[in-house]
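What follows is a single structure, and I will ask about it in a moment.
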Amino acid sequence: MKFVVAVIKPFKLHDVREALSRIGLQGLTVSEVKGFGRQKGHAELYRGTEYRLDLLPKIKIEAALDDDRVEQAIEAIGQAAHTGEVGDGKIFVLPLEQSVRIRTDETGKAAL
Amino acid sequence: MKFVVAVIKPFKLHDVREALSRIGLQGLTVSEVKGFGRQKGHAELYRGTEYRLDLLPKIKIEAALDDDRVEQAIEAIGQAAHTGEVGDGKIFVLPLEQSVRIRTDETGKAAL
Amino acid sequence: MKFVVAVIKPFKLHDVREALSRIGLQGLTVSEVKGFGRQKGHAELYRGTEYRLDLLPKIKIEAALDDDRVEQAIEAIGQAAHTGEVGDGKIFVLPLEQSVRIRTDETGKAAL
Amino acid sequence: MNERLFRAARLLAMCLPLCAPVAAAAAGEVDSGDTAWMLTATALVLLMTIPGLSLFYAGMVRSKNALSVMMQCFAITCLVSVLWAVYGYSLAFGDGGELQAILGSLEKSFLVGVDGIAPGGYRIPETVFIMFQLSFAVITPALIVGAFAERMKFSAMLWFVGLWLTLVYVPVAHWVWGGGWLGAFGVLDFAGGTVVHVNAGVAGLVTALVLGKRRGYPATPMMPHNMVFTLVGAGMLWVGWFGFNAGSALAADGIAGRAVLVTQLATAVAALVWMIVEWLDHGKPSALGIASGAVAGLVAITPASGYVGALGALVIGGSAALACFYAVTRAKPAFGYDDALDCFGVHGVGGIVGALAMGVFVVKSLGGVGLPDGVPIGWQVAKQVMGVAVTIIYDGLFTFLILKGIDGTIGLRVTDEQETAGLDIALHDERGYNL
Amino acid sequence: MNERLFRAARLLAMCLPLCAPVAAAAAGEVDSGDTAWMLTATALVLLMTIPGLSLFYAGMVRSKNALSVMMQCFAITCLVSVLWAVYGYSLAFGDGGELQAILGSLEKSFLVGVDGIAPGGYRIPETVFIMFQLSFAVITPALIVGAFAERMKFSAMLWFVGLWLTLVYVPVAHWVWGGGWLGAFGVLDFAGGTVVHVNAGVAGLVTALVLGKRRGYPATPMMPHNMVFTLVGAGMLWVGWFGFNAGSALAADGIAGRAVLVTQLATAVAALVWMIVEWLDHGKPSALGIASGAVAGLVAITPASGYVGALGALVIGGSAALACFYAVTRAKPAFGYDDALDCFGVHGVGGIVGALAMGVFVVKSLGGVGLPDGVPIGWQVAKQVMGVAVTIIYDGLFTFLILKGIDGTIGLRVTDEQETAGLDIALHDERGYNL
Amino acid sequence: MNERLFRAARLLAMCLPLCAPVAAAAAGEVDSGDTAWMLTATALVLLMTIPGLSLFYAGMVRSKNALSVMMQCFAITCLVSVLWAVYGYSLAFGDGGELQAILGSLEKSFLVGVDGIAPGGYRIPETVFIMFQLSFAVITPALIVGAFAERMKFSAMLWFVGLWLTLVYVPVAHWVWGGGWLGAFGVLDFAGGTVVHVNAGVAGLVTALVLGKRRGYPATPMMPHNMVFTLVGAGMLWVGWFGFNAGSALAADGIAGRAVLVTQLATAVAALVWMIVEWLDHGKPSALGIASGAVAGLVAITPASGYVGALGALVIGGSAALACFYAVTRAKPAFGYDDALDCFGVHGVGGIVGALAMGVFVVKSLGGVGLPDGVPIGWQVAKQVMGVAVTIIYDGLFTFLILKGIDGTIGLRVTDEQETAGLDIALHDERGYNL
Ligand SMILES: Nc1ncnc2c1ncn2[C@@H]1O[C@H](COP(=O)(O)OP(=O)(O)O)[C@@H](O)[C@H]1O
Ligand SMILES: Nc1ncnc2c1ncn2[C@@H]1O[C@H](COP(=O)(O)OP(=O)(O)O)[C@@H](O)[C@H]1O
Ligand SMILES: Nc1ncnc2c1ncn2[C@@H]1O[C@H](COP(=O)(O)OP(=O)(O)O)[C@@H](O)[C@H]1O
């Protein structure tokens with residue numbers, strides 16, 4: 001099993017979720033994060049003082065997947081989150097050793 | 001060492017933390033996340049327009065553990081977070097290669 | 001590649017980011033989390049009722065790195081986030097199998 | 001001669017013996033009590049716009065646009081205040097001489113010669129009268145913000161408000177209140193059913209149609225981002241409306257007392273009716289529902305507030321709530337226009353209900369102050385229909401022309417990127433919250 | 001004859017030579033200055049309930065219940081307004097004839113025949129008097145929301161408020177202010193110490209006891225979710241209270257001036273005393289503490305505001321802060337009831353302190369306006385004790401019966417799931433924040 | 001004899017024939033209309049401080065300090081209210097006898113003997129006059145909070161305000177308004193340009209300098225944490241300012257009407273000018289900009305509001321916006337002091353602009369009420385310069401001494417840890433938000 005972490009632009013969340021649903025993913029966890037990278041932030045101005053925000057709002061998606069779904073998922077996220085502009089984000093794949101569904105105590109693939 | 005990630009119902013946080021304390025876990029990190037899964041969200045209604053929220057508030061707990069604690073921890077979380085209703089959440093176990101306590105520079109088990 | 005997760009004190013974020021920039025890290029993702037550990041929280045008082053907050057505000061930094069950068073990164077974070085007081089936080093290193101830049105479809109090291 | 005004032009004075013003398021001694025006192029002199037109340041009423045109406053309306057609206061938009069609607073309300077307040085001083089007041093309430101039926105004059109532009117007493121036999125300084133009318137001129141375009149929220153260019157908004165005030169608000173106010181032909185014809189509008197609410201509502205509808213929908217509407221959820229703000233704003237609107245309606249008596253007397261009482265009743269009934277209908281319709285009553293009902297009631301009782309009694313207030317409040325509820329929850333989705341915060345659904349529809357129903361409930365047998373001598377009820381209703389229809393047509397047409405003119409020159413709408421980023425950061429380089 | 005008004009007028013004539021010329025003027029005529037002030041005072045008291053109180057309370061609950069308390073305040077405002085017009089005002093202030101000691105009549109129900117001047121020799125339209133009294137009838141049950149917050153069914157809340165207004169508020173208001181037996185007996189209550197605050201506080205305590213604790217109380221932390229809201233609400237309460245207390249003079253005169261001055265003093269002292277006590281007790285002063293002290297002072301000075309002087313204000317404010325501080329921080333935990341936002345601890349306790357202390361500080365030698373001729377101070381204090389005791393017993397009993405009745409039929413409390421989910425989403429399908 | 005009042009009355013009689021009949025009426029008697037307005041004005045000025053100013057400031061600080069600034073505003077309100085009653089009012093407005101040029105007396109301390117009519121020929125109870133002046137004494141030190149926000153010890157703040165009120169505010173108020181030498185010399189200050197705004201602004205600057213910068217300023221971003229709060233606060237300030245300026249007429253008459261009208265104009269123009277300058281300077285107009293401009297306009301028109309006409313209002317508003325804009329965006333960074341929320345940049349600079357410009361625009365040919373007989377315009381401007389200069393020097397010196405005294409004893413500043421943690425949790429054991 002793998003643990004996929006994707007960082008995307010906030011307004012792409014809806015599309016990415018739909019894309020993952022389409023390939024049969026039934027669960028995922030979403031957090032609001034701030035990203036620092038090549039994309040440069042917007043300046044804010046308050047009474048003449050400029051604040052350049054280099055931490056930009058991003059959405060992080062975490063999904064545990066069966067190994068054979070990983071390729072598909074990467075592709076689905078990659079397409080749905082793509083704008084071609086700097087700041088589109090990243091997909092990271094981590095190994096996942098175990099998975100448990102709390103409600104049923106199922107483990108492994110059955111728990112995803 | 002393992003890195004355990006649990007996604008649970010928000011009002012179970014207190015119980016889960018106590019359960020983990022009881023088995024001797026001394027540290028963990030908590031975030032507010034939104035979960036998408038089998039559990040269906042509540043509809044909200046604003047001036048006649050209905051919004052179905054399929055992203056539900058969840059709590060994510062991250063804890064780095066020594067290998068021989070993992071079984072216990074899974075059991076503790078599983079029991080404390082259990083309601084039997086859909087949406088109880090998941091426990092994921094990831095491999096952890098290194099751990100450092102910033103204050104003391106201790107590493108490995110000593111840093112957990 | 002490695003996936004480094006650091007939990008630090010909020011007001012150290014600026015320093016840590018600068019330290020990581022200095023060693024050439026170009027991207028990272030930041031979230032606001034709550035930490036439970038040896039550090040004891042502040043009591044809050046509302047009309048005579050005391051609430052002891054054992055969940056303290058922390059910042060979590062996640063950065064995907066090439067293997068040969070890990071040592072440097074741990075050192076940079078460790079130094080920048082250090083105060084010597086309890087609650088300085090932790091650095092965790094997880095294995096990372098794959099990494100994709102959504103904008104360009106680059107993978108692996110090139111995507112970091 | 002100022003017809004509105006005259007009419008009110010006439011009605012008063014006819015119908016409210018109680019107030020006779022007051023009206024008899026010291027004509028031509030400033031009365032400190034009336035002045036005290038009108039100063040207060042002016043402050044209350046300003047409270048309606050900023051902070052009231054701006055908070056009511058800010059809470060209903062998404063957090064990325066919260067500042068933009070507040071900024072619009074502030075900028076409108078400032079712009080209209082200046083234009084009102086420069087020519088607005090004079091054109092609306094100055095003596096138009098031969099053209100009085102159509103428009104006032106420029107004799108009082110730049111507020112020259114306004115150090116005396118208010119026109120129309122009222123016992124307040126003219127400065128106070130100007131300020132009270134200014135507060136109405138400010139809130140009317142501010143209400144339209146609800147229709148074009150979350151997508152209009154700020155510069156276009158400024159042009160629109162400046163032109164609309166000049167070409168629509170000022171003439172309509174003159175026609176009804178300033179001695180113009182609608183007032184002379186017998187259209188009654190105590191505190192601004194047609195001049196303020198129908199006017200703003202119709203302009204809102206046209207703006208929503210010309211501007212088009214917000215990106216993603218209605219598929220993407222666009223929930224209110226802070227309902228507490230919206231409820232606080234609604235509360236401030238309610239409180240401020242006492243100044244709006246009872247202030248329109250232009251005196252601290254029995255008419256003002258009646259206005260404040262029927263305002264409270266109509267508002268309460270409207271809020272309860274909206275709550276109940278929503279409860280039946282959807283299964284649960286909502287806070288936004290009860291607040292919307294309250295605003296609908298406030299709007300509908302406005303034209304009627306000095307004229308009707310408790311019965312009229314109950315019926316007007318109740319029927320306004322029903323009409324607005326269905327306009328907002330059924331008609332808007334059915335027609336598919338994006339009147340973002342229901343400027344037309346609440347102010348337009350509520351204003352029409354009130355302006356018409358008032359023609360009925362003004363009669364004495366239904367608890368009202370009674371119609372002017374010899375006017376049969378059907379005839380008064382017809383006059384009210386006329387007032388509403390003229391406002392809708394004139395306002396609709398000119399709003400459309402103004403918008404098309406702006407669209408053809410500097411453009412009305414922000415770019416897609418700006419809309420996605422949110423107007424706060426895109427247009428103002430600010431964000432509402434840095435928590 | 002309206003005893004409250006009569007008494008106030010009597011006191012006035014006796015004790016305040018300054019005001020004599022005013023009182024002498026033009027009896028039976030509406031005075032524009034008095035009317036101006038009473039219109040303003042009414043708006044200020046409405047400001048206290050919505051948005052003031054609703055914001056004060058909303059900030060103190062958890063975010064999942066913020067809308068529910070605001071919705072309760074709104075719904076109470078609407079429901080009570082309608083009931084007041086239909087029969088409340090008439091039963092409280094109408095002429096009860098033979099039964100006048102016990103209750104008014106239905107002669108003015110549906111506000112028939114209220115176009116004249118206010119009863120009792122006041123120089124304001126009766127419509128304005130009705131509205132001012134309405135604003136009191138609205139805020140009293142709204143205060144009780146603080147006791148039952150976060151766990152009561154919305155439908156049960158509506159029934160409770162309707163019945164409580166009818167069976168408790170209306171009679172008690174009649175007894176003290178409307179010509180009933182407590183007023184005739186000599187109980188003094190300038191602006192609602194017993195009628196409003198003791199009444200609401202005791203009803204709150206009984207409600208808290210009957211409803212039981214919130215799930216998890218006191219183990220689970222239930223911190224205020226937005227203290228800024230609470231402080232803003234407290235500020236609005238303070239400002240609005242000027243209308244509450246100085247408006248109770250029913251005129252813009254020296255009594256109103258005295259009321260506003262002692263209100264400010266008592267409030268300031270109470271806030272400082274609470275701050276200092278908390279500082280000594282806990283080591284730090286808190287914002288919620290200073291705000292709570294201010295509200296305690298406002299409550300306690302209410303019954304006394306037209307009667308006492310600076311000295312009385314300082315003592316009443318200071319002792320109310322002490323009493324409420326210990327009620328809230330010691331007595332509540334000790335007895336273990338869950339008066340969620342301290343309706344009893346602040347309004348009940350503060351109201352009792354004020355109602356009793358007033359009997360002492362009304363005397364001339366302590367800076368007050370003086371007691372009615374021949375009444376010794378001990379006797380006045382005894383009357384005040386009587387007024388408070390009657391209110392506690394009657395209110396406590398009927399509140400209990402009403403709650404039991406509702407509980408036995410539709411049920412008082414939400415389900416555990418609803419309580420856990422929060423009332424906003426569970427009862428109203430809304431959430432406060434979508435950030 | 002109270003010079004301020006006398007002067008105002010003199011000007012009035014000279015310049016405003018309209019008001020003559022009013023002024024002629026029933027000297028020595030309380031007028032209900034004037035009293036109604038002054039009660040309202042007092043409530044409006046309290047609304048400015050709490051909740052208005054506290055919300056305006058709270059929104060601009062970081063979320064960890066939001067409660068601390070609100071708590072400071074609350075505590076100042078309470079402390080000053082008590083000190084005002086105990087000796088402040090008497091020292092400022094009591095009859096100083098031989099020392100009248102310098103200070104009043106203690107004859108009215110503890111508010112003894114204030115049951116009569118206000119001094120100076122005004123037709124309101126003295127209690128109301130005391131309260132209105134109290135509301136000014138409250139807001140002046142509360143404005144200084146903006147300068148020392150986010151880093152001052154709460155206990156030091158209390159000492160500072162108590163001493164500053166006594167040693168600076170009370171004498172300056174006496175000199176200008178209470179019969180002291182500046183007023184006698186002919187310095188005009190209608191509603192507090194020097195007494196309130198220059199006074200607070202200069203004290204703010206000195207405090208910012210003595211306290212030093214906030215940790216990390218200016219490198220670390222210190223953005224406003226909730227701009228919606230700031231805008232709502234600005235709206236409340238604007239509304240409340242009607243009471244501030246028009247209330248300073250101490251009557252509901254033509255002067256009050258003029259004051260409210262020029263206040264609105266100056267504010268609107270100032271807000272628009274700030275908006276436009278920012279637009280040109282930075283490329284976008286901002287919500288904080290328009291609100292800052294509005295406050296700058298309100299400040300600048302304050303000393304002039306009863307004296308100037310529309311033209312004066314436009315020029316004063318516009319130039320105040322320019323001056324404050326450059327003070328805040330250029331001068332502050334250039335000099336590098338940390339006037340956190342621009343107490344000096346807006347109140348100090350705006351107050352100076354208004355106090356001086358007023359000397360010009362008071363003349364009849366520029367639409368003002370005209371100068372007292374025989375005073376040439378240059379001479380009046382010189383007097384205004386004198387008033388401002390004296391205030392700056394005296395205030396600056398004493399503020400410095402008070403601060404040094406406190407610093408040498410209990411210390412002015414919180415520890416670094418406390419500042420990093422935020423004052424809310426460090427000093428008050430509370431947090432603003434628990435979402
Ligand atoms: N090495 C990294 N580790 C963790 N997160 C990263 C890393 N690099 C980028 N990110 C995340 O991805 C986001 C987008 O990266 P950025 O460099 O701005 O653009 P792009 O991915 O288009 O090159 C960042 O805001 C950050 O949240
Ligand atoms: N494959 C997954 N990867 C990551 N998080 C998941 C995954 N499946 C479920 N979750 C998380 O667990 C929560 C509960 O899952 P859900 O399917 O609703 O109920 P249950 O676990 O009872 O079957 C979800 O809201 C989501 O946050
Ligand atoms: N085993 C763990 N797993 C995950 N996070 C941890 C763990 N131990 C500590 N943390 C995080 O690190 C923070 C600091 O830990 P703490 O024990 O308070 O101090 P220190 O690191 O100085 O010993 C905690 O608040 C928590 O967020």
Honestly, the part of T40(D) sitting under 4.5 Å from a heavy atom of chain E is side chain

Minimal heavy-atom distance between A36(E) and A252(D), with the atoms involved, is N-CB, 3.6 Å

Smallest heavy-atom separation, C78(E) atom then W238(D) atom, equals SG-CH2, 3.8 Å

Original post:
More than 12 foreign heavy atoms under 6.0 Å from OH of Y87(E): is that the case here?
Top reply: yes

Looking only at L158(E), T35(E), L55(E), L39(E), most heavy-atom pairs under 4.5 Å shared with chain D are made by L39(E)

For H428(E) and S286(D), the nearest pair of non-hydrogen atoms, with its separation, is O-CB, 3.7 Å

In short, V239(D) meets I50(E) closest at the heavy-atom pair CG2-O, 3.6 Å

Heaviest contributor of heavy-atom pairs below 4.5 Å to chain E, chosen from A310(D), P285(D), S63(D), is P285(D)

In terms of heavy-atom pairs under 4.5 Å with chain E, the winner among A270(D), A268(D), A251(D), A271(D) is A268(D)

Applying a strict 4.5 Å limit to non-hydrogen atoms, the region of A426(E) in contact with chain D is backbone

*Test side-chain contact (heavy atoms from CB on, under 4.5 Å) on V260(D) and T42(E) and set out the steps.*
CA-CA 9 Å; V260(D) 88; T42(E) 303; 5.5 Å; no

In this structure, CG of L265(D) is separated from CZ of F110(E) (nearest 0.5 Å) by 10.5 Å

Applying a strict 4.5 Å limit to non-hydrogen atoms, the region of L44(D) in contact with chain E is side chain

Query raised in the report: So Y433(E) and M223(D), side-chain contact (heavy atoms from CB on, under 4.5 Å) or not? Walk me through it.
Result: CA-CA 9 Å; Y433(E) 311 101; M223(D) 289 164 281; over 6 Å; no

Heavy-atom closest pair (N434(E) atom, P224(D) atom, distance to 0.1 Å) is ND2-O, 3.0 Å

Honestly, the part of L47(E) sitting under 4.5 Å from a heavy atom of chain D is both

Okay, S155(E) and chain D: the region with an atom under 4.5 Å from a heavy atom over there is both

The interface call for A256(D) against chain E, heavy-atom contacts under 4.5 Å, is both

Practice item. Answer whether the closest heavy-atom distance between the side chains of S32(E) and W37(D) falls below 4.5 Å. Key: no

| Test log, rule side-chain contact (heavy atoms from CB on, under 4.5 Å), inputs L427(E) and K284(D) | CA-CA 6 Å; L427(E) 301 190; K284(D) 291 179 188 175; 5.8 Å; no

Bottom line for M236(D): the part with an atom under 4.5 Å from chain E's heavy atoms is both

Between G257(D) and V128(E) the two heavy atoms that sit nearest each other are CA-CG2, 3.6 Å

Honestly, the part of W279(D) sitting under 4.5 Å from a heavy atom of chain E is side chain

Bottom line for A66(E): the part with an atom under 4.5 Å from chain D's heavy atoms is side chain

Bottom line for S81(E): the part with an atom under 4.5 Å from chain D's heavy atoms is both

Cut-off 4.5 Å, heavy atoms of chain D, and the answer for I425(E) is backbone

Rounded to the nearest 0.5 Å, the CD atom of E430(E) sits from the CG atom of L288(D) at a distance of 6.0 Å

- prompt: Taking the side chain from Q264(D) and the backbone from M131(E), do they hold a donor-acceptor pair closer than 3.5 Å?
  reply: no

Practice problem: Please lay out, stage by stage, how L231(D) and L67(E) fare under the test side-chain contact (heavy atoms from CB on, under 4.5 Å). | Solution: CA-CA 8 Å; L231(D) 292 174; L67(E) 295 184; 3.7 Å; yes

Value for CG (L46(E)) from OG1 (T267(D)), rounded to nearest 0.5 Å, stands at 9.5 Å

Subject >> Minimum side-chain heavy-atom gap M227(D)-D424(E) below 4.5 Å >> reply: no

